[in-house]
Every structure is written in structure tokens, then in C-alpha cells.
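Have a look at the structure below, then the notes.
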Amino acid sequence: MSQSHRVRCAIAGGGPAGLMLGLLLARAGVEVLVLEKHKDFLRDFRGDTIHPSTLQVMHELGLLEELLKLPHNKAYHLNAQFGDTVLTIGEFSRLPVRCPYIVFMPQWDFLGFLAGKAKAYPGFSHIMQATVTGLIEQEGRVTGLRAQTPEGTIEVAADLVVGCDGRSSKVRDKAGLEVEDLGAPMDALWFRLSRQPGDPQGPMGRFDRGRIFVMLDRGDYWQCAYVIPKDGIEAVHEAGLGAFRADIAKAAPFAADRAGEIASFEDVKLLTVKVDRLKRWWRPGLLCIGDAAHAMSPVGGVGINLAIQDAVATANLLAAPLKAGRVSDADLVAVQRRREWPTKVTQRLQVMVQNRVIAPTLAGSSGTLKPPLLLRLMARSSLLRQIPARLVGLGVRPEHVADTLR
């Protein structure tokens with residue numbers, strides 16, 4: 001069985017960028033349909049951070065207080081541990097925003113919140129388990145998309161198709177948009193450890209020679225990321241499960257007795273890290289934003305928040321043209337022009353950290369690991385600590401919701 005839909009804007013991907021854009025456009029009176037390929041939002045590999053810039057957007061929408069009623073933790077400082085040395089390298093408390101802290105909240109809760117608020121608007125539609133299979137084109141212009149669901153195929157005619165379907169975007173692939181790969185020296189192994197009374201509070205991260213280990217507090221368990229050299233998964237498997245458990249015990253001594261909870265490598269997921277961006281984010285009738293336009297490094301955990309900033313800028317610039325049914329190529333160029341510069345600057349900084357901190361750390365095999373000089377200076381200076389706080393907390397060019405969308 002096939003279905004047909006006609007909307008002003010069809011959004012592929014129900015992640016942070018897709019749902020935020022859908023919510024903002026629906027508030028503006030634009031008829032929008034969001035297609036999400038999964039049946040729910042419950043996936044462990046989603047990031048948990050909601051940065052001050054995103055919290056400010058939620059405040060501008062009048063949704064902040066309700067959002068913060070959901071279970072979450074707050075982080076007022078940015079810490080890094082090198083060996084046994086713990087440094088505070090960023091302070092969010094001085095940021096000129098409503099919430100000068102990072103919120104750690106399971107992303108499925110955040111996405112569910114956005115979807116629930118968007119559904120209150122009559123112009124918003126949301127279809128789960130809808131996998132994009134192709135684009136519809138007429139005379140060189142994208143005029144819609146096709147998707148497959150358990151019930152059959154869907155054809156959506158739209159004035160604009162927006163790809164928000166992540167770093168493995170089907171939309172950008174089908175559109176033939178050229179990708180520039182900036183490279184990443186690492187991948188990550190993703191798994192859970194139970195959380196016990198008396199464990200430390202909040203997120204934890206540790207750099208040791210040959211090893212980087214991050215733990216995110218999800219209430220009754222730790223979501224853990226064990227960072228390895230790029231394409232290093234075979235070496236981990238060859239060393240064996242026992243060696244892997246021993247490394248976890250060294251990285252998190254307080255949880256050493258729980259390393260045995262990793263019953264096999266089936267409990268460990270490989271997350272392939274990419275850093276890339278499209279040379280051109282659009283074609284007539286089509287636009288990519290978020291990870292579909294620029295896959296970010298996990299450095300700083302800013303990918304989700306850049307995606308949100310893209311969505312806000314897109315809604316600010318395109319809500320009126322979409323409502324009038326006259327989105328031009330110049331409108332799409334304006335979105336890329338607005339968001340490309342902060343993307344490039346952020347990626348350049350991430351690549352610098354990858355090359356100067358992460359790659360040397362993972363390459364090391366013995367001796368005591370010392371924090372880089374710049375981080376030691378930041379730890380000693382309140383003024384210098386404001387730099388990473390602004391870059392991580394607000395980004396290079398934070399976006400604000402236009403008055404017409406509030």
C-alpha cells in the first residue's frame with residue numbers, strides 16, 4: 001500500500017535538528033512532515049549534552065522550565081583528567097545566558113519532549129519507521145522524497161526537502177552533494193556499566209597514555225566511551241576481553257569490580273568517528289543541515305548543539321518563504337552562508353585538539369601523561385577558562401529564535 005502527502009517542508013530525520021526545525025516551522029504556521037527511520041528514540045549512542053546555547057533557545061521558546069522538569073544533571077565546569085591530575089579548564093558560570101551550565105539528559109527524553117511540543121501544532125506531522133529511499137525531481141529541482149514504512153511506500157511532495165538524517169545521510173547521498181573529509185584519528189567503543197551508590201557524580205573523563213575513557217551518568221548506569229585509534233578495533237579484539245576489562249578497571253578504579261559486566265564483545269558497540277562537511281549544502285528544492293551537512297568530532301560534545309543552531313537559523317531564514325510557497329536558491333544559499341563559518345571554525349578547533357591532544361595520547365604506551373601546557377595555564381587562570389566555556393557552551397555564532405517565531 002502506498003501513501004501520498006503534500007506539505008510545504010519535508011524533513012528527513014527526527015533527531016535534534018529535524019525535530020527542532022519541525023517545531024519552529026510548525027509554530028510559524030508552516031505545514032511540515034518529519035520522517036524518522038527508527039521506531040522510537042531509544043538508542044544508546046545518542047549524545048546526552050544540552051549546552052547553554054540550546055537551553056537559551058528553549059528559554060526563548062518558553063519551554064525551558066518544563067524541559068528542566070525531566071530528569072537531568074548539571075555541569076557548571078569543564079574538567080579534564082590527565083593521569084592522576086584533574087584540571088578545571090572551563091567555567092560556564094559567567095556565560096551571559098539564562099542557564100550557565102551544561103545539562104546531561106538522555107537524548108531520547110529531549111527528542112520526545114520536542115516531538116510532543118511540535119504535535120500541539122496542526123501543521124506538524126511525524127511518521128516513525130519511515131526510511132528515505134529516494135528523492136523526487138522535476139527539471140533539476142527536488143520536489144519531494146520517497147520513503148519505505150512497514151505499511152508500504154510513502155511519496156511526499158514538498159516545496160523544500162531538508163536532510164537532517166545524520167552523518168550517514170541518505171538525502172545528501174541521493175542528492176549527489178560532494179563531501180570533504182577532514183579526518184579523525186579515533187573511534188569509540190560504547191558500552192554500559194552499572195552505577196552504584198557512592199560513585200562520583202556527573203560526567204567523567206580520563207586521559208592516560210594509550211587510553212581515553214569517558215563516563216556519562218545516566219542514573220542507574222554509566223554510559224561509557226572507550227576511545228581507540230582509528231580502525232583499532234581488531235587490535236582490541238586480538239588482545240582479548242580480559243585485557244579490555246583490565247583497561248577499564250585501570251581507567252575507572254572505583255568501578256573495577258564491574259568490568260566483568262561486559263560479558264563479551266557483543267556488549268560493546270563500535271562508533272566510527274567522522275569529521276566532514278559538504279562543500280555545498282543545497283540543491284534547488286533541497287537543503288542539508290546538522291550532521292547531514294557537517295559531521296562533527298565528539299571533541300567538546302558540540303555536535304548536537306550545532307545541529308540545533310542550524311535548525312534555528314534555517315527556521316529564521318526560511319519560515320516566511322516557506323509559508324508563502326516561494327523558497328528560492330538564494331534563500332538556501334543564505335542558510336549555508338549563515339552557518340558555514342561557525343561550522344568551519346568549530347571543526348578547525350576540533351581537528352587541532354584531535355591532532356595535538358588525542359592522537360598523541362592514543363599513540364603513547366608508557367610513562368606519566370602530563371596535561372598540555374595550554375590546559376595547565378587555563379586551569380590557573382579564571383580569564384582563560386572563559387575561552388573554552390564560551391566555545392563549548394555557546395559556540396562561535398549562537399543563534400536566537402526570531403521574534404516572529406517566539
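- Residues T54 and Q56 bring no donor and acceptor atom of their side chains to less than 3.5 Å of each other.
- Between K279 and E180 there is no salt bridge, since no side-chain N of the basic residue sits under 4.0 Å from a carboxylate O of the acidic one.
- The number of heavy-atom neighbours closer than 6.0 Å to NZ of K230, taken from other residues, nucleotides and ligands shown, is above 12.
- D247 has a carboxylate O that lies under 4.0 Å from a charged side-chain N of R211, or vice versa, which qualifies the two as a salt bridge.
- None of L63, V103, I308 except one satisfies the side chain to side chain contact (heavy atoms under 4.5 Å, CB included) rule with M58; the exception is L63.
- Checked by atom type, the side-chain pair R277/Q347 shows a donor-acceptor distance below 3.5 Å.
- Under a cutoff of 6.0 Å and an axis angle of 45°, R192 and Y221 form a cation-pi pair.
- Aromatic ring orientation, F244 versus F191: perpendicular (interplanar angle above 60°, classes split at 30° and 60°).
- A salt bridge links R385 to E91: one of the charged nitrogens lies within less than 4.0 Å of a carboxylate oxygen.
- Between G22 and F124, the closest heavy-atom pair is O-CD1, 3.8 Å.
- Side-chain contact annotation: Q354 with S297, donor-acceptor N/O pair under 3.5 Å present.
- The main-chain N or O of V86 is never found under 3.5 Å from a side-chain atom of Q81 such that the two would form a donor-acceptor pair.
- For an aromatic pair to be called close, the ring centres must be under 6.0 Å apart, and Y76 with Y101 satisfies this.
- Residues E261 and S194 bring a donor and an acceptor atom of their side chains to less than 3.5 Å of each other.
- Between H72 and F104, the ring center distance fails the sub-6.0 Å criterion.
- Between R6 and D159, at least one side-chain N (NZ, or NE/NH1/NH2) sits under 4.0 Å from a carboxylate O, which counts as a salt bridge.
- Residues E155 and H5 have side chains that never bring a donor and an acceptor to within less than 3.5 angstrom of each other.
- A salt bridge does not link E137 with K174: every distance from a Lys NZ or Arg NE/NH1/NH2 to an Asp or Glu carboxylate oxygen is 4.0 Å or more.
- Under the 3.5 Å distance criterion, with hydrogens and angles disregarded, a donor-acceptor pair is assigned to the side chains of T88 and N79.
- Between the CD1 atom in I154 and the OG1 atom in T149 there is a gap of 4.5 Å [rounded to 0.5 Å].
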For this session: Would you check, one step at a time, whether the test side chain to side chain contact (heavy atoms under 4.5 Å, CB included) holds for T49 with M105?
Result: CA-CA 6 Å; T49 54; M105 176 186 293; over 6 Å; no
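- We find that K170 and D173 are not joined by a salt bridge, their nearest charged nitrogen and carboxylate oxygen being 4.0 Å or further apart.
- We find that K117 and E66 are joined by a salt bridge, their nearest charged nitrogen and carboxylate oxygen being less than 4.0 Å apart.
- Scored by the salt bridge (charged side-chain N to carboxylate O under 4.0 Å, His left out) test, R339 finds D310, E399 as partners (sequence neighbours excluded).
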For this session: Begin with the C-alpha distance, continue with both residues' side-chain angles, and end with the deciding distance and a verdict on side chain to side chain contact (heavy atoms under 4.5 Å, CB included) for R258 and D199.
Result: CA-CA 12 Å; R258 283 162 257 169; D199 281 358; 2.7 Å; yes
